[in-house]
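Single-structure report; data block below.
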Amino acid sequence: MYFSKLLIPTLKESPADAEVASHKLMVRAGMIRQLAAGIYSILPLGLRVLKKVEAIIREEMDQVGGQEVFLPSIQPAELWQESKRWDFYGKELLRFKDRHDREFCYGPTHEEVITDIIRKDVKSYRQLPLILYQIQTKFRDEVRPRFGIMRGREFMMKDAYSFHTDEADTQKTYAQMAKAYANVFTRCGLEFKQVQADSGTIGGSFSHEFAVLADSGEDEIAFCEACGYASNMELAESRPGSASISTNGTEDRKEIHTPGKKSVEEVAEFLKLPREQIVKTILLENENGLVAGLVRGDHEINLIKMKNLIGCEWLLPVAEKTIDQQLGLPCGYIGPVELNIPIYADQEITALKNFVTGANKADTHFIGVQVKRDLKVSKFGDLRRILAGDPCPKCDEGKYQVKRGIEVGHIFILGTKYSEAMKAVYSDNNGKESPMIMGCYGIGVGRTAAASVEQNHDEKGIVWPRNLAPFEVIVIPVNFKNDDLKNTCESIYTQLKEMGVEVILDDRQDRLGGKLKDADLIGIPLQIIVGPKNLEEGKVEIKIRKTQESQLHPYPQIVNDIPNILKDL
RNA sequence: CGGGAUGUAGCGCAGUCUGGUAGCGCACACGGCUGGGGGUCGUGUGGUCGGAGGUUCGAAUCCUCUCAUCCCGACCA
């Protein structure tokens, strides 16, 4: 391609509304343009990158036996009502009516559609297992989209679904998918971790995320370097201490006046006690009403863990106003003693003796509280957020590290959640019908590209790994008016093209400086700079984008070596 | 959905406090001098100042409403 013929509107300045590197750089490099909040147009250079990601995904999906399909983006409400997600999915599901007043949504994901296809056309165990995938535009009406195509409302996603007769076969495919995902992200030049994750609104029993490590990531990843255990912070297990339900303590429970001391810090300081001697009581609400969560004063509660411990549909903090006004409980002095709602407590509480809690009375706390004697706990469990430096729950040597990550892929074992709700059943060799067991597997295509930019950029611009680069080589004449240079460049360009190298020729009339700035900005791995002085000596300059290393090589011999040089990029 | 901010030329911004009929840099078009790391001189094009209403002789500027976008939080494969 000739640079002057392509729409590559590069910018010198970053757009004012861009915050993270990938967003700024992809806009500056003329790859994306915003149309509305979280909705982006992909320009030619950007599309070339996305197509590279897609091609890698297709190869890896086909490798594990995936079959590509293309499902509708607009889906009828009835399907979503069948799976119960029409009510459950909330405002993120973009809904609208057609001219006949029938309700539809723009698909945020495709479990319903794919399950509908399979239930109609697959009846026998002989037809299973099946893996189907598609690469398609999704729409999720997120409250707050941000960071360019990293977290758009409309975005390109690869979603795959597998159908099985038994759990073991599902596990096998799940493991193969995990390997395929690792291959995809490795080929995209990303440093990532496969982490244990919560399954969220998709549902199901078992899931892992693929997280690209980057400071701009929105997820927190906890991992142990010693044994390799890695988890989303949402789920990261804490290692139980020397937990044993404390016997009746040595002290009696006593009220104590703590005027104006609400936070754990304030109470600890006031009573001259360590924070771990205080128990925090957090009020929460779920579909069955109010519940309380207890954690040690130096710990933070983890709502996902708590939701999973209770086994409820949803769990949200109760607003301070509601606590004060509707419950008549004084915020800051709430405690578990004689609190008549279900109480769930972190396992660490069981080891405490003579601790402090709120007394459900303004300006008052209890001291000398004992678990066994004073509390009615519905269930103990792992409820706290882990902290960096905490001991690893899986091995004896390791300690947790916490880093930020971008979730580029997520795999789930769904079980029979959708097949039961939507009656996707098969007959086994005895003619008996059972619901199929399902798995689902997603990759954010645009997000993967953006994550790659987050990991591969410098102050000059993007540094694409070769496998994602929109072009592998850019040929830059110092001056395109000079016929000699022009002919040489065109000859290099043509030869490389014939060798199967993806090459672009910067035929613009601009000065050299501008062309080099653009080449660095858009991140093409290899630059060939052709100038009159070097050419007189039979040489051209080869510059590596990543290292900025530049070397003179004999021309025309060097042209045949380009594929070799590219191998290392 | 709570808190904060911003909307002026394609992009980045000044002007708003103190009302007087719109400006800078880049980009773009044409021409000159240039030509190895965003060069230089000149001449141009382009804006109903996010929108609606109001106050005023007069509104980018003051008031009211509204829309959009961004940030923090909550939420979220």
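By convention in this document, chain letters (A, B, ...) are assigned in the order of the sequence lines, proteins followed by strands, and residues within each chain are numbered from 1.
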Taking the six-membered ring for Trp, is the centroid-to-centroid distance between A/Tyr441 and A/Tyr161 below 6.0 Å? no
Would you kindly give the CZ-to-C1' distance between A/Arg151 and B/C71, to the nearest whole Å? 14 Å
A/Asn534 has its side chain closest, among B/A77, B/G36, B/A74, to B/G36
Note: contacts of residues 535-559 of chain A with RNA chain B (heavy atom, under 4.0 Å) are A/Glu541, A/Lys543
Below the 4.0 Å mark, does B/A77 have OP1 or OP2 next to a side-chain nitrogen or oxygen of A/Arg447? no
Can a donor-acceptor pair under 3.5 Å be found between the side-chain atoms of A/Lys515 and the base atoms of B/G38? no
Within the side chain of A/Ser207, is there an N or O that forms a donor-acceptor pair under 3.5 Å with the backbone of A/Ala197? yes
If I pick the C1' atom on B/A22 and the same atom on B/A59, what distance separates them, to the nearest angstrom? 13 Å
Contacts of type salt bridge (charged side-chain N to carboxylate O under 4.0 Å, His left out), residue A/Glu68, not counting sequence neighbours: A/Arg58
Anything under 3.5 Å between a donor and an acceptor, one on a side chain of residues 473-484 of chain A, the other on a protein residue two or more places apart or in another chain? List them.
residue, atom, partner, partner atom, Å
A/Asn479, OD1, A/Lys481, N, 2.6
A/Asn482, OD1, A/Asp484, N, 2.8
A/Asn482, OD1, A/Leu485, N, 3.1

Please enumerate all protein N or O atoms sitting under 3.5 Å from an N or O of nucleotides 23-26 of chain B, with distances to 0.1 Å.
residue, atom, partner, partner atom, Å
B/G25, N2, A/Glu13, OE1, 3.4
B/C26, O3', A/Lys12, NZ, 3.4

What residues form a side chain to side chain contact (heavy atoms under 4.5 Å, CB included) with A/Pro108, not counting sequence neighbours? A/Trp80, A/Tyr89, A/Leu93, A/Arg140
Taking only the P atom of each, what is the distance from B/U8 to B/G4 in whole angstrom? 22 Å
Within the structure shown, what part of the strands sits under 4.0 Å from A/Gly444 by heavy-atom distance: base, sugar-phosphate, or nothing? base
Within this structure, what is the CG-to-P distance between A/Asp510 and B/G35, rounded to whole angstrom? 17 Å
Within residues 14-34 of chain A, residues whose heavy atoms come under 4.0 Å of RNA chain B: A/Ser14, A/Pro15, A/Ala16, A/Asp17, A/Glu19, A/Gln34
Measuring only the C1' atom in each nucleotide, how far is B/C57 from B/A52? A whole number of Å is fine. 23 Å
